[in-house]
*Asks:* 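Quick one: the structure is below, questions incoming.
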2 protein chains.
Amino acid sequence: MHATLRDAPTPLTRSVEDYLKVIYHLSSQGGFASTSDIAAMLEVAPPSVSGMVKRLSETGLIEHVPYRGVQLTNQGRRAALRMIRRHRILEVYLTQQLGYDWDNVHEEAERLEHAVSDELIERMAGALGDPHYDPHGAPIPTPGGEIEEAELITLADAPVDGVLELRQVNDDDPARLRYLADQGLTPGTRLTVLERQPFNGPTTVRIGAATRVVGRELALALWCRGVQA
Amino acid sequence: MHATLRDAPTPLTRSVEDYLKVIYHLSSQGGFASTSDIAAMLEVAPPSVSGMVKRLSETGLIEHVPYRGVQLTNQGRRAALRMIRRHRILEVYLTQQLGYDWDNVHEEAERLEHAVSDELIERMAGALGDPHYDPHGAPIPTPGGEIEEAELITLADAPVDGVLELRQVNDDDPARLRYLADQGLTPGTRLTVLERQPFNGPTTVRIGAATRVVGRELALALWCRGVQA
DNA sequence: GGCGCTGATTAGCCTAGCCTAATTATGAGA
DNA sequence: TCTCATAATTAGGCTAGGCTAATCAGCGCC
Ligand SMILES: [Mn+2]
Ligand SMILES: [Mn+2]
Ligand SMILES: [Mn+2]
Ligand SMILES: [Mn+2]
């Protein structure tokens, strides 16, 4: 018989699931996730990360190169993408079906993602018509673990005179999200970059008929794609 | 200033929340919940319960009389009723809005009840029109912690020739729930008790035009209210 | 090539929750 | 009243997942 026809998929703990998600995000540009970056994102002390890294690599979810960092194994990546699908489907469901605003879904999804069953997530996805993006424009992985890899640049890096489509905004700060909605800066919006001040200065853009000045900090949270003028 | 104008409501753990719910159910008929009954319902060993009982009474959620059992304090009862509201609202939501059957909502609600925010529960309740009963007929506490106390008898105890309304069914066995739905034995159904065999034998009832024989084990899971003929 | 800063790891501790084995209290019946 | 079965508790141990303080590895710079 097969050694593992379907070997008991030990349920992961909430902590483990959050570590895997963070490691996924930190190493998605191909590199290693460092202990201190993981610690900062999870708001735990670096030694806590060292301890968890030991356990995760023993269970085969990550690869650890001491003093360099960690990367997900295929198994770890599958688990991380499953959590990301859950998180993003939940965010869409809460906004579309339960009247949540896009600035306060993140926290709720952060807890629920660990408690919902696969069946519930797929029922929610079905009720929503299988959405491809979350409310902040982030792509939703398929149940099989495929995820769209778009090449996006931040508004801070966009060339002057370029025409852009705002595709995705960082969703980690509710106040920022409220401001963005207020300014009409939501995914799908067309922008023209009018000018940028030197020394990390603000970028001026045209949105429809309006003009907006966007500071560098904010511009770094706005992910765009170039568009044929 | 007030000693507790709003004293930090330390969030309870999943374990603590489940203990409180179980203690609520075991002591709802006015008595004490025993260590071994709590252990059996939570599927843990009795010493685990002794340990948790110590902590819960130290934090003021229960009152412990050694070798007798425990009861909820007012604070504990409030916390328990909050969990019961969550559980039952979730059950209604899953069945009404997401196509779950009444026999498989319990397990999902048992996990989600610990992860949802009060805001999400109230949004779900609102979307449902503030239901008063869960899919199995159990009353839903109000956000303020009020719960309907109905005097129900099991079908096994109902007098022959009585006319009853089935109000509530025990929801702990999915197979039983499927069978009940199949037999038309759902909350709200009118029954006439035609006869009962001696020696703990089955009860025969009329449902509309049909006749059903209900064994004692099943009859003990059906809670009814007498009705004027 | 060595110094020293930074970041990672190790050592040691803590709490929550579980467990088994041993001990003790309670109360029903002889 | 004494005995003894049963239930409860205590003793002691384990894992997950945190923490702080101490140590160590890597590497840029003089
Ligand atoms: Mn999370
Ligand atoms: Mn998002
Ligand atoms: Mn539960
Ligand atoms: Mn129920």
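No hydrogens, no waters, no symmetry mates; every other heavy atom, side chains included, goes into these values. From a predicted model like this one, the values you see are computed outputs, not experimental measurements. Labels below follow one simple rule: chain letters A, B, ... track the order of the sequence lines, proteins then strands, and each chain is numbered from 1.
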*Asks:* Which parts of residues 30-38 of chain B get close to DNA chain D, meaning a heavy atom less than 4.0 angstrom away?
*Replies:* B:S34, B:T35, B:S36

*Asks:* With a 4.0 Å cutoff (strictly under), does any side-chain N or O of B:S50 reach OP1 or OP2 of D:dA8?
*Replies:* no

*Asks:* Do the side-chain N or O atoms of A:T13 get closer than 4.0 angstrom to the phosphate oxygens (OP1, OP2) of D:dG17?
*Replies:* yes

*Asks:* Could you pull out the closest heavy-atom pair between A:V116 and A:R86, with the gap in Å?
*Replies:* O-NH1, 2.8 Å

*Asks:* For B:H136, is there any backbone N or O sitting under 3.5 Å from a side-chain donor or acceptor partner on B:Q168?
*Replies:* no

*Asks:* Is a donor from one side chain sitting under 3.5 angstrom from an acceptor on the other, for A:S27 and A:Q71?
*Replies:* no

*Asks:* B:R167 side chain to B:W223 main-chain N or O, any donor-acceptor pair under 3.5 Å?
*Replies:* no

*Asks:* Out of C:dG17, C:dA21, D:dC19, which nucleotide sits closest to the side chain of A:P47?
*Replies:* D:dC19

*Asks:* Report yes or no: does B:E91 contribute a side-chain atom to a donor-acceptor pair with the main-chain N or O of B:A109 at less than 3.5 Å?
*Replies:* no

*Asks:* To the nearest Å, give me how far apart OH (A:Y19) and C1' (D:dG17) are.
*Replies:* 8 Å

*Asks:* If I take atom CZ in residue A:R55 and atom C1' in nucleotide D:dT15, what distance separates them, rounded to the nearest angstrom?
*Replies:* 8 Å

*Asks:* What parts of residues 56-68 of chain B reach DNA chain D, counting only heavy atoms under 4.0 Å away?
*Replies:* B:H64, B:P66, B:Y67

*Asks:* Would you check if the side chain of A:E113 reaches a backbone N or O of A:L90 as a donor-acceptor pair within less than 3.5 Å?
*Replies:* no

*Asks:* Rounded to whole angstrom units, what separation is found between the CE atom of A:M52 and the P atom of D:dC19?
*Replies:* 11 Å

*Asks:* Can you tell me how far C1' of D:dT10 sits from NZ of B:K54, to the nearest Å?
*Replies:* 10 Å

*Asks:* Just checking, is any N or O donor in the side chain of A:H87 or A:D134 under 3.5 Å from an acceptor N or O on the other one?
*Replies:* no

*Asks:* How many Å lie between CD on A:E43 and C1' on D:dG18, as a whole number?
*Replies:* 14 Å

*Asks:* Whole Å only: how far is the CZ atom of A:R14 from the C1' atom of C:dG17?
*Replies:* 18 Å

*Asks:* Tell me yes or no: between the side chains of B:R123 and A:Y100, is some donor less than 3.5 Å from an acceptor?
*Replies:* no

*Asks:* Taking NE2 from B:H114 and P from C:dA16, how many angstroms apart are they, rounded to a whole number?
*Replies:* 18 Å

*Asks:* Over all strands shown, is A:S48 touching base, sugar-phosphate only, or nothing at heavy-atom distances under 4.0 angstrom?
*Replies:* base

*Asks:* Looking at residues at least two apart in the chain, or sitting in another chain, which of them share a side chain to side chain contact (heavy atoms under 4.5 Å, CB included) with B:T35?
*Replies:* B:P46, B:V49, B:S50

